[in-house]
Amino acid sequence: MGGCSSKENSKGSTEQMQRPTAQNRGSITYIRPRDDKAEGEREMKRYVSSETTKSLQMGGLNVRYGYMSQRGYYPDEEGKPNQDSFSINTEFAKQGSDALFAVYDGHGRDGDKCAQFSSDHLPNILSRHIRKMKKTNAKADQLPDDVELGKDKVQAAINLAHKQCNRAMHASRDFEDALSGTTAISTYFQGRRNRVTISNVGDSRAVLGQRINRDNTALEDGSYRALPLSRDQTPYRSGERKRIRACGARILSLDQIEGVEPINEDDDDSGTNIELGEEIDEGGDPPRVWHPTMDYPGTAFTRSLGDRLAEELGVIADPEMVTRELKEGDEIIVLASDGVFEFLTNQSVIDICAKFKDPLEACQAVISQSYELWLQYELRTDDITMICMFIDGIDKPKEDLYSSEKNGSSHALDKLDDIGGGKDALRQQKANVGKMSKRLNDMKALLEESLQDAPTSKSNGGFDFKKIYTEKMEEDKETIRRASRSSVMLQSMTEEQMEMIYGVIQPLEVEPGDWIIRQGEDGDKFYIVEDGEFEVRISGEPKTTKSGGKVVHTYQGSKVNHVHPTFGELALLYASPRAATVISKTAGKLWALDRSALKAILLGIDGKKDLVKILRSIRELDGFKDEEIEDFASNMEEVSFKKGTNISVSGETGKTLYIVSKGSCVINLEAGGEKLSSTLQNMDYFGQEMMASGRYLATVEALTDTVCW
């Protein structure tokens, strides 16, 4: 999912994707209809971004914002346009204190045209409805511009605008929306009321970064909590699923369509729902909407603009909305397409934004991080679009002058804590976490299998730490520490292991044009960018190209701004051909970590050399090679048990071999009618019998608080 448009004034926007020129018509900015032929003749640019951060004074709100949209990388469709779009309308509906920000994520063959159509038309349609309602609700002695619409009227106008835009899209002769459409996530600011209304159609998201806890106490250390302002509209939600099924549609994953997974007709029950979400999402494909007898449209969302055929099956354009007043502590608002959230949680996005004082830099950092994660874990990337808004100040609204709502009326504002969606949201959250957890577990499994490909202590006489170990300055450690948070392999390292990584990771000064890694060559190093720009290039003929191929991404590191992207992490897992070439665009500095050094750290720094000796003494492991024993030791993790806990129980199925690290245990075993017991201390082991029988023969209880490998 995923052309890109900015409805910023052409003097203030960077139209790097060569989209139509933005102009002003009164107080509403808009895009002229584009010329598709001319569009195709121009070079496809990779991203569009605001040149600088913009500032707005809207009534009682002081807002700064930046935006960026990056076209995805599709190896089989290099000319595929960016299907994301966005619009920013200040002085919205001819009201100087109001604004509308929106992101659209197109899908299907004409998804870019659907997203572009929405960004061209939806704001104008909504503006007309807002002005009409103001005129209708103005008193005899009141000008329409003095009217502040209440929650119900604003939401009614937004609902009408989405439906009207959807009908206009169906009627358009410029493209076909039978199997194409777009999501839409927007924020409507009513500045004189310090109020925002979020409307959502599809699975793009709005997230609020709040500097206060639920009990209204300040968060420490400048941290923020992420609060959802929208809910993904997908078949994971029971209400959406029931509505879709009431229209006669089927809800199945691709595996179920192809007969790989069984179909459960009762998956509206809560228990089955959880299994459905977790199993399908962790397997890589979510539940989708299908015609009752034919295999279309296959949408993974339950609401959208366009998608004419899916609309007959219950995929509607009606937005879900939430209205609330902004208060002290509400400091960050993010609107983004779902490409941002494939590998980043809401909290991760807000955490990245909170590191920056400039919303444009925050926006660029999130998109860069997201894009890099796509390149790291997939063979392609999605289109990624984000608008980041920093709320710098909130003055008390003058409700006595502008409010058209009565105290005690039915116009109560929405509570953010209600947006979570209860069990349905928890189900989808668990599925999303499950998907990321599965990727992490897959990487750990690959490490377990592939570390034996690296030189072992047998094959090279041991890794020579003294040869490459150097003490690092504290600021260098902090750079490496910051970057390690985005690395799946390094974020789980202990403090002791990280200290060793600081010692063995090597600095690398580069000049413009230096080739860091080459596509097609086996890799053995992981890189952290401290400073400089590095182009990611991909070629269809990597062995013969002199340029490295087409640029698909640029890593930008900045020591001043604490931005340190990473690349090449898969080289820590196994020696395989690099998927891309990385060339330095500017002079800069990298930190390089060798796979052999990492393996040596995992094996020897935290006492695991002793584990290797113990494992080699266990009879049940006699059939394993030395390299395999070393890999077992490198992947053993410490687990803590409270005093009195049964670590293993006689007769129960077992999967784990334990080695006591700290504390003591008592082992109770019944043999030949006789009960035997013994105390286990540091480096004693138990549970090995399960490798033969699959079950534990003894019960082991922690006599003290105990830690085991």
Side-chain angles (χ1 to χ4, degrees), residues 26-28 56 58-61 63 87-102 118 121-168 184-201 206 208 229-231 233 303 305 316-327 330 333 335 394-416 418-419:
S27 62
I28 298 179
L56 284 177
M58 299 182 290
L61 299 175
V63 177
S87 59
I88 298 172
N89 300 78
T90 59
E91 299 182 14
F92 186 66
K94 297 185 178 181
Q95 184 68 59
S97 59
D98 292 0
L100 180 71
F101 296 77
S118 297
H121 294 279
L122 182 59
N124 290 329
I125 295 171
L126 177 56
S127 175
R128 290 197 296 270
H129 281 294
I130 292 289
R131 291 193 56 75
K132 182 178 180 180
M133 285 194 173
K134 285 187 174 185
K135 185 176 181 179
T136 300
N137 287 273
K139 297 178 181 179
D141 59 345
Q142 197 175 28
L143 294 174
D145 287 346
D146 291 335
V147 175
E148 281 295 319
L149 297 176
K151 165 192 166 183
D152 290 350
K153 289 182 173 60
V154 167
Q155 292 193 359
I158 293 173
N159 187 49
L160 288 171
H162 280 75
K163 291 180 177 180
Q164 185 175 338
C165 183
N166 188 54
R167 292 193 298 270
I185 184 78
S186 66
T187 300
Y188 172 40
F189 284 89
Q190 290 176 275
R192 294 188 296 195
R193 301 288 296 278
N194 295 349
R195 182 174 291 185
V196 291
T197 296
I198 308 297
S199 59
N200 180 43
V201 174
L208 174 68
L229 294 171
S230 64
R231 294 176 61 196
Q233 295 153 351
R303 302 191 190 207
L305 296 170
I316 57 178
D318 300 41
E320 289 184 314
M321 292 166 280
V322 58
T323 299
R324 66 160 298 173
E325 288 180 3
L326 295 172
K327 300 179 180 179
D330 296 343
I333 295 179
L335 298 181
I394 302 176
D395 298 330
K396 187 175 180 180
K398 300 179 180 180
E399 295 208 31
D400 56 328
L401 294 177
Y402 301 112
S403 177
S404 63
E405 297 174 356
K406 297 180 180 179
N407 292 332
S409 70
S410 61
H411 303 283
L413 301 188
D414 302 295
K415 296 179 180 179
L416 289 191
D418 295 337
I419 302 175

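If you're wondering where the values come from, they're calculated on a predicted model, not measured in any experiment. For reference, positions follow the sequence shown, starting with 1.
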What's the shortest heavy-atom distance between [X] and [Y], and which atoms?
{"X": "Cys165", "Y": "His121", "result": "SG-CB, 4.5 Å"}
{"X": "Leu305", "Y": "Ser118", "result": "CD1-OG, 3.6 Å"}
{"X": "Ala184", "Y": "His162", "result": "CB-NE2, 4.4 Å"}
{"X": "Tyr188", "Y": "Ile130", "result": "OH-CG2, 3.9 Å"}

> Does Asp145 have any side-chain hydrogen bond (donor to acceptor under 3.5 Å, both in side chains) partners at least two apart in sequence or in another chain, and if so, which?
Replying inline: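 Residues passing side-chain hydrogen bond (donor to acceptor under 3.5 Å, both in side chains) with Asp145: Arg131.
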> Got a sec, which residues hit side-chain hydrogen bond (donor to acceptor under 3.5 Å, both in side chains) with Asn166, two or more places apart in sequence or on another chain?
Replying inline: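 Only His170, Glu311 meet the side-chain hydrogen bond (donor to acceptor under 3.5 Å, both in side chains) criterion with Asn166.
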When rounded to the nearest 0.5 angstrom, what distance separates [atom1] in [X] from [atom2] in [Y]?
{"X": "Leu229", "Y": "Leu335", "atom1": "CG", "atom2": "CG", "answer": "8.5 Å"}
{"X": "Asn159", "Y": "Ser199", "atom1": "CG", "atom2": "OG", "answer": "9.5 Å"}
{"X": "Ile158", "Y": "Ser186", "atom1": "CD1", "atom2": "OG", "answer": "6.0 Å"}
{"X": "Lys134", "Y": "Lys153", "atom1": "NZ", "atom2": "NZ", "answer": "13.5 Å"}
{"X": "Met58", "Y": "Ser97", "atom1": "CE", "atom2": "OG", "answer": "8.5 Å"}

>> Checking His129 against Gln164: is there a side-chain donor and acceptor pair closer than 3.5 Å?
In response: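 A pair is found: one side chain offers a donor N or O, the other an acceptor, under 3.5 Å apart.
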>> Side chains of Gln155 and Thr323 only: does a donor on one sit below 3.5 Å from an acceptor on the other?
In response: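 Yes.
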Does any non-hydrogen side-chain atom of [Y] lie less than 4.5 Å from one of [X]?
{"X": "Lys151", "Y": "Thr197", "result": "no"}
{"X": "Arg195", "Y": "Leu326", "result": "no"}
{"X": "Leu100", "Y": "Thr187", "result": "no"}
{"X": "Ile198", "Y": "Ile185", "result": "yes"}

Say whether, by atom type as modelled, one donor and one acceptor occur between the side chain of [X] and the main chain of [Y] under 3.5 angstrom.
{"X": "Asp330", "Y": "Lys327", "answer": "yes"}
{"X": "Ser230", "Y": "Asn200", "answer": "no"}
{"X": "Thr136", "Y": "Lys132", "answer": "yes"}
{"X": "Gln190", "Y": "Leu149", "answer": "yes"}

> Does a side-chain N-to-carboxylate-O contact under 4.0 Å join Arg192 and Asp98?
Replying inline: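 The answer is no: the pair does not qualify as a salt bridge.
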> Taking NZ, NE, NH1 and NH2 as the nitrogens, is one of them in Asp318 or Arg303 under 4.0 Å from a carboxylate oxygen of the other?
Replying inline: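 Looking at Arg303 together with Asp318, the answer is no, because their closest N to O distance does not fall below 4.0 Å.
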> Between Asp395, Leu56, Asn194, which is the residue that forms a side chain to side chain contact (heavy atoms under 4.5 Å, CB included) with Leu61?
Replying inline: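 Answer to the side chain to side chain contact (heavy atoms under 4.5 Å, CB included) test with Leu61 among Asp395, Leu56, Asn194: Asn194.
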>> Is there a side chain to side chain contact (heavy atoms under 4.5 Å, CB included) between Ile125 and Arg128? Walk through the geometry before answering.
In response: CA-CA 5 Å; Ile125 295 171; Arg128 290 197 296 270; 3.5 Å; yes
>> Please confirm whether the ring centroid of Phe92 lies under 6.0 Å from the ring centroid of Phe189.
In response: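 No, the ring of Phe92 stays outside the 6.0 Å limit from the ring of Phe189, centre to centre.
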